[in-house]
Amino acid sequence: MAASRNRTLIRALGIVRRLDGAKVGATLAELAADSGVCTRTIRRDLEAIESAGIPLVSDEARRWRVFR
């Protein structure tokens, strides 16, 4: 159980690092491929990141980045 939570936290932090300051951002498919999980898991991770107070935005091309 703890290992699963650790993997989730590590993955979420990796997503934030990738999206923070990204001019182009990343698609769900790119984030999923980087993390080795499905896009549904990435959607849950993005929701958790936003719930933690980190604002995210998706553009017309569905590329995600941290909102500034």
Side-chain angles (χ1 to χ4, degrees):
M1 183 79 150
S4 175
R5 282 182 283 168
N6 289 342
R7 279 194 303 272
T8 301
L9 177 59
I10 291 167
R11 188 175 58 246
L13 290 173
I15 291 169
V16 171
R17 259 183 287 165
R18 166 121 191 234
L19 299 181
D20 188 31
K23 293 180 182 179
V24 178
T27 65
L28 292 175
E30 291 168 340
L31 293 170
D34 288 350
S35 301
V37 297
C38 67
T39 57
R40 186 173 174 194
T41 300
I42 295 298
R43 284 185 189 278
R44 285 193 298 266
D45 291 343
L46 293 174
E47 288 174 9
I49 290 166
E50 288 183 306
S51 293
I54 299 172
L56 300 175
V57 64
S58 175
D59 63 17
E60 302 82 33
R62 296 185 178 173
R63 298 188 72 82
W64 290 86
R65 61 184 175 76
V66 174
F67 181 74
R68 296 200 181 264

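All figures in this text were calculated on a predicted structure; none of them were measured in a lab.
Applying the salt bridge (charged side-chain N to carboxylate O under 4.0 Å, His left out) test to Glu30 and every residue at least two apart in sequence or in another chain returns Arg18, Arg63. Listed by chain and number, the residues in a side-chain hydrogen bond (donor to acceptor under 3.5 Å, both in side chains) with Arg65 amount to none (sequence neighbours excluded). Scored by the side-chain hydrogen bond (donor to acceptor under 3.5 Å, both in side chains) test, Thr39 finds no partners at all (sequence neighbours excluded).
Each of Ile10, Asp45, Asp34 was checked for a side chain to side chain contact (heavy atoms under 4.5 Å, CB included) with Ile15, and the lone residue meeting it is Asp45.
In this structure, the separation between CG on Asp59 and CH2 on Trp64 is 10.0 Å, given to the nearest 0.5 Å. Within the model, atoms CG of Leu31 and OG1 of Thr41 stand 12.0 Å from one another, a figure rounded to the nearest 0.5 Å. Taken to the nearest 0.5 Å, the CG atom of Leu28 stands 8.5 Å off from the CZ atom of Arg62.
Arg44 CZ: more than 12 foreign heavy atoms inside a 6.0 Å radius.
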Next on the checklist: Determine whether Leu46 and Leu19 satisfy the following criterion, side-chain contact (heavy atoms from CB on, under 4.5 Å), listing intermediate values before the conclusion.
Outcome noted: CA-CA 11 Å; Leu46 293 174; Leu19 299 181; 4.1 Å; yes
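Contact record, Val16 with Val66: O-CG2, 4.2 Å, taken as the closest heavy-atom pair. Here the closest non-hydrogen pair linking Cys38 and Ala32 is C-CB, 3.9 Å. Residues Ala12 and Ile49 come closest through the heavy atom pair O-CD1, 3.7 Å.
Looking only at side-chain heavy atoms (C-beta outward), Arg11 and Thr8 come within less than 4.5 Å of each other.
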